[in-house]
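Proteins come first, then strands; the chains are lettered A, B, ... in the order of their sequence lines, and each starts at number 1. What you see is a predicted model, and the numbers here were worked out from it, not measured in a lab.
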Amino acid sequence: MDEETVERIREVVRAIPPGETSSYGEVAARAGLPGRARLVGRILAEDGHDLPWHRVLRADGTCAPQVAREQSARLRAEGVLLEDGRLPRPRR
DNA sequence: ATCTTGACCCTCT
DNA sequence: AAGAGGGCCAAGA
């Protein structure tokens, strides 16, 4: 992968404020890479350790199964509550 | 070079 | 609500 692209993605993730969340697809789009959600997931999986990766959920508001426990714990610690394993649906 | 595997996502049954 | 089917594309085997 182009290191430049990777850095743009990392930067977008770093910009998600505590207590807020985003999604893989949204991060990709904000990094100027629409349709490349998988790339975001892959990057967080291999070197997301120094990033707030726990603020990135799937498009439907659920956690990626691999990290669901750790992620929900970290979110809870920041005041983000998951109802029934998912983010409460935004109303209108 | 080809095939498979994913921290994904969307549209249409 | 739940599947199927496609799209996406970097890595590894």
Could you measure the distance from the CZ atom of R30(A) to the OG atom of S23(A)? Nearest 0.5 Å is fine. 10.5 Å

Take L57(A) and Q71(A), measure what side chain to side chain contact (heavy atoms under 4.5 Å, CB included) needs, and give me the verdict at the end. CA-CA 9 Å; L57(A) 309 213; Q71(A) 183 160 31; 3.2 Å; yes

I need the CZ-C1' distance between R86(A) and dA1(C), as an integer number of Å. 11 Å

Distance check needed: dG3(C) C1' versus D60(A) CG, whole Å only. 15 Å

For the side chain of V67(A), starting at C-beta, report the closest nucleotide among dC9(B), dG6(B), dA7(B). dA7(B)

Contacts of S72(A) meeting side chain to side chain donor-acceptor pair (under 3.5 Å) (sequence neighbours excluded), chain-then-number -> none

Name the closest nucleotide to the A59(A) side chain, picking from dC9(B), dC8(B), dA7(B). dC9(B)

Here the pair of heavy atoms bringing R86(A) nearest to T62(A) is NH2-CG2, 3.6 Å

Per R38(A) side chain, nearest of listed nucleotides dG7(C), dA7(B), dC9(B): dG7(C)

Atom-pair distance (CD on Q71(A); P on dA7(B)), nearest Å: 13 Å

Tell me if a side-chain donor or acceptor on E78(A) pairs with a main-chain N or O of P18(A) at a distance below 3.5 Å. no

Below the 4.0 Å mark, does dC8(B) have OP1 or OP2 next to a side-chain nitrogen or oxygen of R58(A)? yes

When rounded to the nearest Å, what value does the distance between P atoms of dA7(B) and dG5(C) take? 22 Å

Restricting to nitrogen or oxygen on both sides, can you table the protein-nucleotides 10-12 of chain C pairs closer than 3.5 Å?
unit_1	atom_1	unit_2	atom_2	d
dA10(C)	OP1	R36(A)	NH2	3.2
dA10(C)	O3'	R42(A)	NH2	2.8
dA11(C)	OP1	M1(A)	N	2.7
dA11(C)	OP1	R42(A)	NH2	3.3
dA11(C)	OP2	M1(A)	N	3.1

R8(A) bridged to E4(A) by N-O distance under 4.0 Å: yes

How many Å lie between CH2 on W53(A) and P on dA7(B), as a whole number? 13 Å

How many Å lie between CD on E26(A) and P on dC8(C), as a whole number? 21 Å

Show the nearest heavy-atom pair for residues R55(A) and L75(A), with the distance to one decimal. CA-CD2, 4.3 Å

Quickly work out the I43(A) CD1 to dG6(B) C1' distance and round it to whole Å. 14 Å

Both atom distances under 3.5 Å, Watson-Crick or G-U wobble: I'd like the secondary structure of DNA chain C as a dot-bracket string, with | for pairs made across strands. .||||||.|||||

For the side chain of A64(A), starting at C-beta, report the closest nucleotide among dG6(B), dA7(B), dC9(B). dA7(B)

